[in-house]
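Notes follow once the structure below has been shown.
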Amino acid sequence: MTWDGSGAVRIEAGAVEPVTEAAPRGPRIGLALGGGSARGWSHIGAIEVLEEAGLHPEVVTGCSIGAVVGGCYAAGQLGLLKAFALSLTKRRVVGLLDLRLGSGLIAGARLRRRLERDLADRRIEGLPVRFASVATCLGTGEEVWLTRGNLVDALRASYALPGVFPPVRLGDRLLMDGTLVNPVPVTLARALGADVVICINLNGDPRAAGGPVVLDPTEPATEASVAPRPRRRRPWNLLRSSPPPPSRPLPGAPSPGLARVMLDAFNITQDKISRARLAGDPPDATISPCLDGMGLFEFHRAAEGIALGRAAARAALPAIRATVASAAARG
């Protein structure tokens, strides 16, 4: 090192290069993207609003559909994913579903090929944004953090919804959907070095927020609600648009099909686990799109989901800015 009276210089390969102090950086923003199947398209709209506001996450964690959106964002392919989502119709969604009988209703090969085409052989550790996804070990129930390796494999393991997609084998473990253990991975974002964690929670269903209900089985309405359904319905109709069922079904109303029962049960489980995990490790800021009217398999409603994500993010921006500014002031 030589000194020229004005500042320090570094000498490399015969060249003299001024050394300047690094500009102070703000807090490292982390983004935790929750699971929620088709409702996850709202993540795209929320991320767009954050980017437009100059809030650029340096750490992204995701679970299930949140892993898919987060992985594409970390790989610089969010625009490609958005175009794909907006191109979906009911017919195209059905075309991606290779039905089969086995450990899952859908083999998932067509969807895997689509991801491999768009993401090629990207590896998690080589992405420009720090990324990790969450999965669940089928044998032990352990929460598994996928922080290295093939990106597509990590996404597939995170969205392997039990009964719908088969588990994914990585190493000596069979992995399935991470929403079973950590639907909104705030803890993982902090572990990867985020100073401020913003979560996008897709499971804030107000119907599940109350306390327990004491049921009187002698009430006439209760007896009528479990009466035999008057007509036969197809058990698997994943793409049918249907609003959330009322808490007290009308007398004589038909019972829901198998797909509706399974997906509603899984959604309730996600909601309860999300509330428990977020209470134990709350995020610094939350974006909660109003998605209770959007079905879990209505992937053809991407435009609506993205718009709802944008609206929720815009509403949360003042609180997010204040949180980031407070973290920057603490230094």
Could you tell me if the side chain of [Y] sits less than 4.5 Å from the side chain of [X], heavy atoms only?
X	Y	value
P57	E51	yes
L119	L155	yes
V186	R277	no
V69	C72	no
L127	L151	yes
F131	L31	no
V324	P27	yes
E142	R173	yes

Is [X] reaching over with its side chain to a backbone N or O of [Y], donor-acceptor style, under 3.5 angstrom?
X	Y	answer
S326	A322	no
T61	A132	no
D284	I198	no
W145	S133	no
R92	S87	yes
T136	D177	yes
S64	G66	no
H43	G35	no
D195	R28	yes

Once rounded to the nearest 0.5 Å, what's the spacing between atom [atom1] of [X] and atom [atom2] of [Y]?
X	Y	atom1	atom2	value
L278	T286	CG	OG1	7.0 Å
Y73	H56	OH	NE2	7.5 Å
L78	I47	CG	CD1	5.5 Å
L161	T179	CG	OG1	6.5 Å
L170	N150	CG	CG	8.5 Å
R148	I124	CZ	CD1	9.5 Å

Do [X] and [Y] share a hydrophobic cluster (ILVMFWY, side-chain heavy atoms under 4.5 Å, transitive)?
X	Y	value
L86	L291	yes
V152	V134	no
L33	I44	yes
I65	F84	yes
V68	M294	yes

Does [X] pair with [Y] as a salt bridge, N-O distance under 4.0 Å?
X	Y	answer
K82	E48	yes
D292	R39	no
E125	R130	no

Taking all heavy atoms of [X] and all of [Y], pick out the closest pair and write down the distance.
X	Y	result
D153	V168	O-CG1, 4.4 Å
V129	V59	CG1-N, 4.3 Å
R321	A53	NH2-CB, 3.4 Å
V181	I273	O-CG2, 3.9 Å
V60	G70	CG1-CA, 3.7 Å
A38	F297	CB-C, 4.0 Å

**Audit row: L317, L55, side-chain contact (heavy atoms from CB on, under 4.5 Å) steps and yes/no** = CA-CA 10 Å; L317 265 182; L55 299 167; 3.9 Å; yes

**Item:** Among L202, I287, I306, side-chain contact (heavy atoms from CB on, under 4.5 Å) partner for S42
**Value:** L202

**Message:** Ignoring hydrogens and geometry beyond distance, is a side-chain donor-acceptor pair present between T187 and D281 at under 3.5 Å?
**Reply:** yes

**Prompt:** Just checking, any donor-acceptor pair under 3.5 angstrom between side chains of N201 and S288?
**Reply:** no

**Request:** Evaluate salt bridge (charged side-chain N to carboxylate O under 4.0 Å, His left out) for R310 paired with E52, printing each intermediate quantity in order.
**Result:** CA-CA 11 Å; R310 290 187 64 89; E52 292 163 4; 3.0 Å; yes

